[in-house]
Amino acid sequence: MAVATVVGMVAEDAAINQPKDYFGLGWRPELTAEILANSQQIDVVEIIAEQFYSRKHGVYEELKLLSNVVYIAIHGVSLGLASSHSVDRSRAAKLADFVKKIKPLIWSEHLAFVRAGGYEIGHLAAPPWLPETIQGAIRNIKQITKLVGSKPLLENIATLVKPPFSAISEQRWTSEILNQSGCNQLLDLHNLYANAVNFGEDPFDYLEQFPINKVRAVHLSGGIYVNEPNSQIKSRLVDDHKHDIPEELYEMLTVVGSIVRHPVIVIIERDGNYPDFPILLDQLNKARDAVAKGRKKAKVNL
Amino acid sequence: MSIQNIEIFMAKLYTDHALLSQFLNDKKTVARDHGFTELECLHLDNIDEVGLIMAANSFTKKRHCSKKHEPMDPNIINHGVHDE
């Protein structure tokens with residue numbers, strides 16, 4: 001791999017300048033050895049920024065070594081961009097510093113809120129889908145873009161509860177944020193799939209209402225149906241990243257591949273219950289085939 | 001109720017199990033106590049309880065597991081580097 005083409009690449013719209021679709025995995029310590037041993041079959045790894053902040057020494061040297069092997073994408077999980085509250089300045093500064101030093105292929109954050117009024121939720125929560133949270137998100141995105149020097153890709157999240165007081169659909173809310181911020185999307189297909197299933201909607205209809213032409217990266221993962229509280233009814237799909245990718249997601253990826261006219265970066269996220277590594281590589285190849293099928297169907301040449 | 005206070009209320013429901021329990025027992029009273037209007041109380045009374053409980057449980061689990069991932073081992077990185 002031509003390392004020089006990666007190091008120094010500006011994150012903003014980097015994917016547009018790539019001549020091909022890229023496929024890779026979320027970086028997890030449990031997968032380190034296998035990723036490195038099989039790096040010729042992996043184009044890109046996505047690292048979670050917050051996992052590196054506490055390290056005092058050697059982080060950048062290690063990541064530089066990693067970038068000799070694969071492209072790096074940076075994923076943030078703690079800013080809480082989609083909130084009427086301002087992003088925590090210290091967290092924003094840390095992420096900006098990290099992105100500037102690593103110079104990733106892309107960087108991304110979530111359309112979620114993670115804290116409010118001093119209460120740390122601990123994960124990604126959906127704010128009410130309202131004009132007010134759109135405006136909050138725009139303000140926060142503008143702030144982080146200024147600090148980092150490039151725009152993030154924005155990821156849709158999974159939510160087990162439809163946010164109360166929402167006045168518009170998730171898709172319209174997302175579209176407005178993307179349009180007004182000028183950002184592109186990291187489309188998490190399993191988050192989308194889980195929301196559709198949990199809200200009683202058809203996943204393909206749900207997908208088609210998203211601004212697919214703004215997708216620059218895709219997340220693939222799996223989940224599990226769980227019991228409702230005090231019940232034996234397994235009605236809710238939880239996006240736990242610990243199960244195999246549902247077949248429908250590959251079909252949805254084909255839809256994405258048939259619509260977008262630019263390269264996309266596809267990342268498989270796995271956070272536990274790890275299968276043998278060849279199975280993950282097979283899933284990567286299935287993702288490659290799914291995108292290629294969409295490209296061929298729509299006669300898209302990159 | 002301002003959108004900022006709605007977000008704070010949601011964050012409290014997701015992190016304070018005693019409050020969540022009170023809310024599920026009597027949603028309108030808890031909402032009123034938090035300054036919501038009658039119309040907003042009605043809206044909250046119709047919230048998806050199952051989804052709310054499952055979301056709160058999921059966030060609690062996430063808070064407890066937040067230290068799960070550790071950064072990479074540099075020895076493995078050095079060992080695995082190859083040229084192409």
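FYI, side chains are in, hydrogens and waters are out, and symmetry mates aren't considered; it's all heavy atoms of this structure. Throughout, a chain's letter reflects where its sequence line sits, starting with A, and its residues are numbered from 1.
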| request: Would you mind checking if A/R115 and A/D88 are paired as a salt bridge, meaning a charged N to carboxylate O distance below 4.0 Å? | output: no
| message | Quick test of your reading of the model: are A/R236 and B/D48 salt-bridged, counting only N-O distances below 4.0 Å? | response | yes
What part of [X] lies closer than 4.5 angstrom to a heavy atom of chain A: side chain, backbone, both or neither?
X	answer
B/Y14	side chain
B/E40	both
B/S2	neither
B/I3	both

Checking heavy atoms, do the side chain of [X], its backbone, both or neither come under 4.5 Å from chain B?
X	value
A/L130	side chain
A/E120	backbone
A/L124	backbone
A/S235	neither
A/A126	backbone
A/F165	both
A/D239	neither

| task | Under 4.5 Å, counting heavy-atom pairs only, tell me which of A/G136, A/P127, A/S83, A/G58 racks up the most with chain B. | result | A/S83
| Between A/G118, A/P164, A/G117, the one whose heavy-atom pairs under 4.5 Å with chain B are most numerous | A/P164
Is it the case that the side chains of [Y] and [X] hold a donor-acceptor pair, with the cut-off being a distance below 3.5 Å and no angle test?
X	Y	answer
B/H17	B/T60	yes
A/E155	A/H75	yes
A/N195	A/E170	yes

| Is the closest side-chain heavy-atom distance between A/V99 and A/L95 below 4.5 Å? | yes
| message | Can you tell me which of B/N46, B/V50, B/D16, B/T15 forms the most heavy-atom pairs within a distance under 4.5 Å of chain A? | response | B/V50
| said: With side chain to side chain contact (heavy atoms under 4.5 Å, CB included) as the test, pick out the partner of A/L79 among A/Q143, A/E109, A/H110. | reply: A/E109
| remark: Of all heavy-atom pairs linking B/I47 and B/L52, the shortest is CD1-CD2, 4.2 Å
| said: Using the ring centroid of each side chain, check whether B/F59 and A/Y119 are separated by less than 6.0 Å. | reply: no
